[in-house]
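Notes for the one structure printed next.
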2 protein chains.
Amino acid sequence: MPATIRDVAAEAGVSVATVSRVASGGDYPIGAETKAKVLAAIEKLNYRPNGIAKGLTQRNSRLVGVIAPDMSNPYYPEVTRGIEDVAGAKGYQVLSCSTDRDPARASATIDALLAKRVAALAVIGGGDEVVLPDRDLDALGTEVVMIGRATRRFSTVRVENVQAGHEVGRHLIALGHRRIGYVAGHPGSTASDERLRGFRRALKEAGVEHRPEHVERGGYTEAGGYDATRRLMHAAAPPSAIFAASDRMAIGALAALRDMQLRVPDDVALVGFDDIPMAEYLRPALTTVSVSAHRLGTEAMRLLLDGSGRPARPQHLRVRTRMVIRESCGARRN
Amino acid sequence: MPATIRDVAAEAGVSVATVSRVASGGDYPIGAETKAKVLAAIEKLNYRPNGIAKGLTQRNSRLVGVIAPDMSNPYYPEVTRGIEDVAGAKGYQVLSCSTDRDPARASATIDALLAKRVAALAVIGGGDEVVLPDRDLDALGTEVVMIGRATRRFSTVRVENVQAGHEVGRHLIALGHRRIGYVAGHPGSTASDERLRGFRRALKEAGVEHRPEHVERGGYTEAGGYDATRRLMHAAAPPSAIFAASDRMAIGALAALRDMQLRVPDDVALVGFDDIPMAEYLRPALTTVSVSAHRLGTEAMRLLLDGSGRPARPQHLRVRTRMVIRESCGARRN
DNA sequence: CTGAAAGCGCTTACAG
DNA sequence: CTGAAAGCGCTTACAG
């Protein structure tokens, strides 16, 4: 068992109050000699204050909870990494959990996190499996921020999806495309819906109608993107360009088009979303939309941990995206 | 502020001991009527026992710490996900941290984790930036497991890297290759070193010597794989096959070969490692070695949490790999 | 400058 | 079956 404050006090021949004061290192006045004795005892016993007990007395667990659909999908750990970076700098640590989009699991997780009295709680993802207890914020005992999901009740940090979708639409239209397929994400995904909305607005502005059969679900996986693309290309009037709501689905699309003997971008142009590290290393290199998942995390934590006390009202932030033109869209034909 | 046990006791008109007993739901005998009153009060006040306080009295934080180089590299979250799955099932939660391979950051993280009195600590990754305090295990106050790193002091869970490297070597040799380049990972990476060792053993057994200029560092990234491959192909006697220590580097290699007008597998055969989801969707589909990162995590946690008390001595587990033959190695030529 | 004491929110022998 | 009390390992007014 690790040494306790009492062990150190006994070793140094002082009271626990004194040990507490030197161990926590504030500017409380301590006699030089006393301090030396205590420090020596701390060193000797390798004393490390019990953070759990500290959290209890200070009524601050210094824990931030992160809840995401699935930490094995790279987007979520990257957001979490952003959270960790600012939380860590302020002496907080992150407790992260996956829900697998299962409401029962999500609710058990929320319970566990709330039981641990997390000082802040970040919910990542646009799904609706996570339901916070319907109590006023004060009774929850924690600050909440939603990343990528719309709500009035809590602060939110979101991607400029509509605008990004609009930009992709305009780009493809400018390249002469009129029939453009959309590979959507997970059912109920806010991000996918918003990207589609912006994309359609661009089409509408250009006076081109978007047919329902030009939208297929890909579920954010390579396999889903592959299948969706095949379905798209088997439509009565197959698209000349495809916009996939994620790079992973775009990779599936690339494979599907290759397998159908279709060249990218010559026969079909392709645009992804996320700008994952390997997007640049695909051949053709993938045109995509860059969004900093890490930044979503840092912004979210700043919202929660910056305030001295709870902010008067929920704040809502949007993080901008940047379209990255590479080869797969055909803009760089030469 | 959330309700405390005292609030519930007052509401129900019973002692806190009674509330504790019904709230924790054991089989301690409680009068039916009393129980009903307490349950009603819990419900009314939305009482949720404070897990921090509980941890303190029970001397078990029910927290497991996970420390990895960088949670934004997908391998680590996947291992962590495995840890989370078995930990969660036993009522534990995971506290995860990234070290960025920085010793100072690593040591601060260890301190913080130990201060939180994590019941178990998993260190992922073969780097050497993480140094546990040099005290006997008991003084550490936590169980430790290393994932992917060799040590006698703690339990370990590791991948059968040597054997996997050997298998890849044999496969490539059987396909007629004699000059095979190796794209190594991060400097000091045990995994990369072991894979190379097994690979070289296969070459040696076949009587072919492996030249030093046929090994290049790729640092586990696409960009590193790209550059390493270019260097490899500019050797005096360029290899006819390349074995990359990770799929991400293999993707970089694929791009480099394409950019050099070299066809895969016709001009150069390629094998990766990891079997990431998109390996199957590359064209040519990537031959690689499948290793379940998730499984590494579950095995590690089982080692820690299964035992009633500390195991007599550290245990050492190896997780098997499976070679997945696809197109990039040329075995499926037709 | 130092310490005794109360308290954070629980659990758990011990009595009754 | 129920409760008063001690204790988990700290912090922090309050006295001196």
Side-chain angles (χ1 to χ4, degrees), chain A residues 1-39 41-42 45-63 91 112 114-119 139 141-142, chain B residues 1-39 41-42 45-63 91 114-119 141-142:
Chain A
M1 284 294 117
T4 72
I5 196 171
R6 226 179 301 272
D7 299 330
V8 178
E11 174 75 27
V14 301
S15 72
V16 296
T18 299
V19 175
S20 171
R21 295 197 264 250
V22 356
S24 42
D27 53 356
Y28 195 96
I30 304 279
E33 199 175 334
T34 309
K35 188 167 183 175
K37 277 192 302 186
V38 174
L39 254 15
I42 286 177
L45 302 181
N46 199 253
Y47 172 66
R48 201 188 304 275
N50 181 326
I52 297 284
K54 209 167 192 163
L56 189 61
T57 47
Q58 295 184 152
R59 332 185 94 253
N60 181 353
S61 64
R62 300 229 156 220
L63 249 26
L114 256 23
K116 286 284 194 250
R117 298 294 188 267
V118 292
T142 185
Chain B
M1 285 294 118
T4 73
I5 197 171
R6 225 179 301 275
D7 298 331
V8 178
E11 174 73 29
V14 300
S15 73
V16 296
T18 300
V19 175
S20 171
R21 296 197 261 251
V22 356
S24 43
D27 54 357
Y28 195 96
I30 304 279
E33 199 174 333
T34 309
K35 188 167 183 176
K37 275 192 304 189
V38 174
L39 255 14
I42 286 176
L45 301 182
N46 199 252
Y47 172 66
R48 200 186 308 272
N50 181 327
I52 298 285
K54 210 167 190 162
L56 189 61
T57 48
Q58 296 185 151
R59 331 184 95 253
N60 181 352
S61 64
R62 301 231 155 216
L63 250 25
L114 255 23
K116 287 284 195 248
R117 296 295 188 269
V118 290
T142 184

Checklist entry - Rounded to whole angstroms, how far apart are CZ on Arg6(B) and P on dA5(D)? => result 13 Å

Item to check | Whole-Å gap separating P (dT12(C)) and CG (Asp27(B)) | outcome: 12 Å

Item to check | Closest to side chain of Thr4(A), choosing from dC10(D), dT2(D), dT11(D) | outcome: dC10(D)

Checklist entry - Rounded to the Å, how far apart are Asn60(A) CG and dG9(C) C1'? => result 15 Å

Checklist entry - From Arg117(B) CZ over to Ile52(A) CD1, what is the distance, rounded to the nearest 0.5 angstrom? => result 9.0 Å

Checklist outcome for this item: Among dT2(C), dA5(C), dT12(C), the one nearest any side-chain atom of Ala17(B) is dT12(C)

Checklist entry - Is there a side-chain polar atom (N or O) of Lys54(B) under 4.0 Å from OP1 or OP2 of dT11(C)? => result yes

Checklist entry - dC8(C) P sits how many Å from Gln58(B) CD, rounded? => result 20 Å

Checklist entry - What distance do Asn50(A) atom CG and Lys116(B) atom NZ have between them, rounded to the nearest 0.5 Å? => result 9.5 Å

Checklist entry - Counting side-chain heavy atoms from C-beta on, which of dT2(D), dG3(D), dA4(C) comes nearest to Thr34(B)? => result dT2(D)

Checklist outcome for this item: Between CD1 of Ile5(B) and P of dG9(C) the distance, given in whole Å, is 11 Å

Next on the checklist: Closer than 3.5 angstrom, by distance alone: can the side chain of Arg59(B) be matched with the main-chain N or O of Leu56(B) as a donor-acceptor pair?
Outcome noted: no

Item to check | Residue-phosphate contact under 4.0 Å: Thr57(B) side-chain N/O, dG7(D) OP1/OP2 | outcome: no

Next on the checklist: What is the distance, to the nearest angstrom, from the CZ atom on Arg48(A) to the P atom on dG9(D)?
Outcome noted: 16 Å

Checklist entry - Do Val14(A) and Val22(A) touch side chain to side chain, with heavy atoms closer than 4.5 Å? => result no

Checklist entry - Within the structure, does a side-chain N or O atom of Thr18(B) lie under 4.0 Å from either OP1 or OP2 of dT2(D)? => result no

Checklist outcome for this item: Among the nucleotides dG9(D), dA4(C), dG9(C), whichever has the atom closest to the side chain of Arg59(B) is dG9(D)

Item to check | Between C1' of dT11(C) and CD1 of Ile52(B), the distance in whole Å | outcome: 16 Å

Checklist entry - Taking for each residue the nucleotide of DNA chain D with the nearest heavy atom, is it Val14(B) or Ala53(B) whose nucleotide lies nearer the 5' end? => result Val14(B)

Checklist outcome for this item: Whole-Å distance, Asn50(B) CG to dG7(C) P, equals 18 Å

Checklist entry - How is Ser20(B) classified with respect to the nucleic acid when contacts are heavy atoms under 4.0 Å: base, sugar-phosphate, or nothing? => result base

Checklist entry - With nearest nucleotides of DNA chain C determined for Pro29(A) and Pro49(B) from heavy-atom distances, which residue corresponds to the more 5′ nucleotide? => result Pro29(A)

Next on the checklist: Is it the case that dT2(C) (base atoms only) and Tyr28(A) (side chain only) share a donor and an acceptor within less than 3.5 Å, ignoring hydrogens and angles?
Outcome noted: yes

Checklist entry - Between Lys35(B) and Arg21(A), who's closer to the 5' end of DNA chain D by nearest nucleotide? => result Lys35(B)

Checklist outcome for this item: Applying the 3.5 Å cut-off to both distances, the Watson-Crick or G-U partner of dT2(C) turns out to be dA15(D)

Checklist entry - Around Lys35(B), counting heavy atoms of other residues, nucleotides and ligands shown, do more than 12 lie under 6.0 Å from its NZ? => result no

Checklist entry - Heavy atoms under 4.0 Å, any strand shown: does Leu56(B) hit a base, just sugar-phosphate, or nothing? => result base

Item to check | For Thr18(A), the option from Ile5(A), Thr34(A), Val8(A) that meets side chain to side chain contact (heavy atoms under 4.5 Å, CB included) | outcome: Thr34(A)

